[in-house]
Every structure is written in C-alpha cells, then in structure tokens.
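From a predicted model like this one, the values you see are computed outputs, not experimental measurements. In what follows, every chain begins at residue 1, and chains take the letters A, B, ... in the order their sequences are listed. Below, all heavy atoms of this structure are taken into account, side chains as well, without hydrogens, waters or symmetry copies.
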Number of protein chains: 2
Amino acid sequence: MQSYTEENYLKIIYHLSVISNPVQTNAIAEKIQTKAASVTDMLKKLSDKELVDYIKYQGVTLTEKGKLTAINIVRKHRLWEVFLVEKLNFKWDEVHEVAEELEHIKSTLLVERLDEFLEFPKVDPHGDPIPDQHGNFANLSFIKLSKLKTNEKGTITGVSEHSSPFLKHLEKLGLTLGKRVEISEIIDFDGSVELLIDDKKLNISREVAKHILISK
Amino acid sequence: MQSYTEENYLKIIYHLSVISNPVQTNAIAEKIQTKAASVTDMLKKLSDKELVDYIKYQGVTLTEKGKLTAINIVRKHRLWEVFLVEKLNFKWDEVHEVAEELEHIKSTLLVERLDEFLEFPKVDPHGDPIPDQHGNFANLSFIKLSKLKTNEKGTITGVSEHSSPFLKHLEKLGLTLGKRVEISEIIDFDGSVELLIDDKKLNISREVAKHILISK
DNA sequence: TAAAATTTTTAGATTTATCTAAATTTAAAA
DNA sequence: TTTTAAATTTAGATAAATCTAAAAATTTTA
C-alpha cells in the first residue's frame, strides 16, 4: 500500500511521462510544488519499492507496477469528477481540487460501485478518457482545434487545459463538450480562429484553440 | 485548518465525551489504537490551538471551537454512510471504514451538495442522527430494546454497536431499521428476550437487545 | 573542448506523529 | 494513612516528508 504522497508522485510522473520519458526531477518538483531535493528523496523511495526505474541524473520511468497504481488513481480521479458534475451539479471548473482528495480513498468496492452508479462513463467532464479496472483506456482520437483548416467541422470532445479561468472562459463562450463547430476563418495576423457555433460567429485566440480538442 | 490526525482526535474525544467528561488519556489511546504518550503530545497541541481544554492528569474537554469541528466530521461521516448505502448499495456493515476516510474530505460545497443530493437525511444507516451545517441535532428519543417490558411494542430506529459481526447478525435475523417488534416474553434465566417480528417468534440475547434502539 | 550554466544529488536540519522507557501524579487498597 | 497499583506525563528516539546550502554531474555555449 502506498501513502498519499507516494500516490501523488506516481500520478504526476504518469502525466509527465506522456510529454517526456524519462521524467526529469525538476519537472516533478515544479508540478508537485516542492524542491528538487525532496523529489530525489522520494524517487529513491519509490525505486526501492519497485514502482519506478530511477537512474541518478537521468530521470525516472514508471515500472509496470507503478504505472498500474498511477492509472488507478487517474481512474478514481476521473470517476469522482463525473460524480461531482453529474450528480452534485458541480461545474467543470470546480471539480479538480475535490477530486484530488477523493482519488486517494482506498476501497476498491467503492470505486467499482461508483463506476456502476455512474453507468460506466468513458470520459470525465473534460473529455479525458477513464481507464477500466484493468488500466485499459478506450482509444479516443482527438485533434487540436488549432489544427483544423478553414471550413472543416468537428465536435468539441475535450480540453487539454483544466484551469478554472480557462474553463470558465469556454463556458461563457458556449464552447462546451458536445458542441459542433465549424472553422469559418483563420486570421493570418495573430493565428486566431473564427468559428461558427450555434449559427453564431465567434473569435478565439490561437492559445485557446490549442487547448480545445475536436473529434470529427 | 486541522490535519487528518487532529480531526480524528477531535472526533474520538467528541464520542467519548458522551460517556464521560472530561475524557481520559487512556480512553483516547485505546480508541485511536495508539499509546498514551502519543495522546498526551497531541492533547498539548490541540490545547495550543484552543480546540480542547486540557488539564494535566485530569483529562480533556472540547472547547466550543473543537466541538463544532468534531460535529462537522460526524456530519460528514454520516452523510457519506447514507450515500454509500442509498446510492452505492453498500450494506450497513460495510460503510464504516470507507466513511472514516471520506469524512476528512475538505470541501464545504461538497458536503452541502451531498446533503441536498441525499435529500437532507436526518439519520444515517444505523439510525444515528445527522447534525445540520450549524451543528444542531434533531432530538430523537431512543430506548434500548432491553428496557422494554413484556407485551410492549416499538419500532427499531437505531443500533448502539456498529461492528460488522453484530450488524450482519441483526440482518440475518431480520432486525433492521423500521421493523416493528413486540416483546412476547423476557426469559428470567438469562435475561434473553423473545419477540414477535413479521408474525414470527425470535429469541435474542440480552447483550444483543441492549444494542437495539427502539422508538414507540 | 574547456568554461559557464543548469540540473540533480548529498548532507544535515526541521516538522509531524509516533514510539519506549523512566519518572511523576493520582487513585485504590491494605 | 501509608503502601501499592494504575494512569499519565516527560525525555529522548524514530520514521516520513520536507527544507536549505553546498557539492557533483550533466548540458550548453563560446
């Protein structure tokens, strides 16, 4: 059994692995809001427990065991987010902090029953896929809205930025999951995107467009 | 803000206060599965934070601030128990350990929304009252089944023992909350109680009868 | 490729919650 | 009321997770 802190390290390493593998000490330190020295200490500990492969000065990779643990935490986090939004009427920008706590509750019975209660959701309120109890993800294919070309259409199915200000912004613009959009123009000057949604025109910055995920 | 551990101490002190006030160091140590020396250390800390009034060698009492904190934890514990039983189909003997973890989740929004989602329950699955957000309990009047006299009737509305073996035993006998019972005989020899439930006769030990709470 | 900059690790300290063993206080018994 | 027993506290140690400051390794740059 892992401690709350160990679980957090594993989760962060898991998320950072997607971007770069192996994961650097400083990257972890920044994400976890701690000092590099503390990270080094913890990596040694996780290595002793065979949850990560750690080479001094080189970085870490999750072992199979570590990866399964991490995915299980991600599973719990996302299921709780669905619960908060679907059942307790939380907004999609309000769920993260609470789910950060709920993801560490240990009972497997709880997780399986929650999954059932929520009718086995495949994605969380931000469109992120929810792994099953064996750690398998349904493979969803997303492309960034910023990669679409003029006149292309697609459905908003996810976001790659979870901060409250960003999500509130999208909400205000009506850019929520499931909405159908069409690119009407891409502005040369600043790369901003003009799109059609609910028959209305809308201009969003390139920065925003990069964090909206589309499926066709 | 209090730590997980501090919250547990406050909760235990709160429960023990009902039995004896002030609460003794050893009583806490036993409940919390730790050593008396550790309890002393924590009592000093809680005292510094003005959550308890602590007099060396005499014991502790919760301050108003400490009491409110404790009651809030009890509130969360019981609401989560209702959730587990009502929504996730947990049995009444399966909820305790999980609720022990869930009770420490911090968000007040979560608690109020959960309360609403559960339609403001007044009691938990064991019949224990759920305080409102101000810490007020509805005053329910219970008497022990063992205090009833021959031919008296009543409704099972609570239990004063929460262990899984005890609850499973009651379940098997059909002695669940809401059931109407009538005392048909009290056996002189061992104090055991014969009762009528669902038109069937049943004999339970005095020990069991003591932990069943009745309202008329 | 040698110097400079960056990243990472080590060493030693701190905080929180715990422990054991010994000392002290209080309560109970003779 | 003195002795004994029980409960409680103190003192000093330990484990987990963190920190700062300095040393070491790696990467970048000139």
Side-chain angles (χ1 to χ4, degrees), chain A residues 1-17 19-62 66 69-70 73 100-101 103-104 106, chain B residues 1-17 19-62 66 69-70 73 100-101 103-104 106:
Chain A
M1 197 84 294
Q2 289 83 34
S3 73
Y4 189 101
T5 314
E6 286 168 18
E7 288 191 350
N8 268 332
Y9 271 89
L10 293 174
K11 181 185 60 172
I12 298 282
I13 295 167
Y14 175 76
H15 287 308
L16 289 172
S17 295
I19 309 163
S20 81
N21 199 300
V23 178
Q24 312 297 126
T25 303
N26 265 355
I28 300 168
E30 198 191 340
K31 273 278 178 191
I32 234 158
Q33 295 277 64
T34 187
K35 296 295 147 73
S38 310
V39 175
T40 301
D41 288 343
M42 182 56 81
L43 293 183
K44 281 183 197 160
K45 190 177 167 189
L46 293 174
S47 181
D48 289 345
K49 292 191 173 190
E50 301 190 329
L51 292 161
V52 300
D53 290 320
Y54 168 56
I55 304 167
K56 261 198 203 180
Y57 294 102
Q58 304 301 303
V60 266
T61 321
L62 292 174
T69 307
I73 298 159
E100 290 280 305
E101 292 189 56
E103 72 189 8
H104 299 289
K106 290 188 174 45
Chain B
M1 197 86 291
Q2 289 84 35
S3 74
Y4 189 101
T5 313
E6 286 169 17
E7 288 192 351
N8 268 332
Y9 271 89
L10 292 173
K11 180 186 63 172
I12 298 282
I13 295 167
Y14 174 77
H15 287 309
L16 289 171
S17 295
I19 308 162
S20 81
N21 200 299
V23 179
Q24 311 298 126
T25 303
N26 264 354
I28 300 169
E30 197 190 343
K31 273 278 177 191
I32 236 160
Q33 295 278 62
T34 188
K35 295 295 147 73
S38 310
V39 175
T40 302
D41 287 343
M42 183 55 82
L43 294 183
K44 281 183 197 159
K45 190 177 168 191
L46 294 174
S47 181
D48 287 345
K49 294 192 173 190
E50 301 190 330
L51 293 161
V52 300
D53 290 319
Y54 169 54
I55 304 167
K56 259 197 204 180
Y57 295 103
Q58 304 301 303
V60 267
T61 322
L62 293 173
T69 307
I73 299 159
E100 290 280 304
E101 293 189 55
E103 72 190 6
H104 299 288
K106 290 188 172 43

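For B:Tyr9, a side-chain nitrogen or oxygen approaches OP1 or OP2 of C:dT18 to under 4.0 Å. Contact between the side-chain N/O atoms of B:Lys35 and the OP1/OP2 oxygens of C:dT20 is found at a separation under 4.0 Å. Between B:Thr34 and C:dC19 there is a side-chain N or O to OP1 or OP2 distance below 4.0 Å.
Here A:Thr40 lies in heavy-atom contact (under 4.0 Å) with a base. In this structure, B:Ser38 reaches the bases: a heavy-atom distance under 4.0 Å links it to at least one base atom across the strands shown. Nucleic acid contact class of B:Thr25 (heavy atoms, under 4.0 Å, all strands): sugar-phosphate only. Nucleic acid contact class of A:Tyr4 (heavy atoms, under 4.0 Å, all strands): none.
Toward the 5′ end of DNA chain D lies the nearest nucleotide of B:Leu43, the other residue of the pair B:Leu43 and A:Glu6 mapping further downstream. Both A:Ile32 and B:Ile55 sit near DNA chain D, but only B:Ile55 has its closest nucleotide nearer the 5' end.
B:Asp48 has its CG atom 11 Å from the P atom of C:dT16, to the nearest Å. Look at CD on B:Gln2: it is 14 Å from P on C:dT16, rounded to the nearest Å. Straight-line distance from the CG atom of B:Asp41 to the C1' atom of C:dC19: 10 Å, rounded to whole Å. The NZ-C1' distance, from B:Lys44 to D:dT10, rounds to 7 Å in whole Å. Separating the CD atom of B:Gln24 from the P atom of C:dT26 is a distance of 13 Å, rounded to the nearest angstrom. A straight line from NZ of B:Lys56 to P of C:dT26 spans 10 Å, rounded to a whole angstrom. Computed from coordinates, the A:Tyr57 OH to D:dA23 C1' distance equals 8 Å when rounded to whole Å. Per the geometry, CG belonging to B:Asn26 stands 16 Å off P belonging to C:dT26, to the nearest Å.
Using a distance-only test at 3.5 Å, with no hydrogens or angles considered, no donor-acceptor pair links the side chain of A:Glu7 to the main chain of A:Ile73.
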For this session: Go through A:Leu46 and A:Val60 one step at a time and tell me if the side-chain contact (heavy atoms from CB on, under 4.5 Å) criterion holds.
Result: CA-CA 10 Å; A:Leu46 293 174; A:Val60 266; over 6 Å; no
Problem set entry | Stepwise side-chain contact (heavy atoms from CB on, under 4.5 Å) test for B:Val23 and B:Tyr14 | CA-CA 9 Å; B:Val23 179; B:Tyr14 174 77; over 6 Å; no
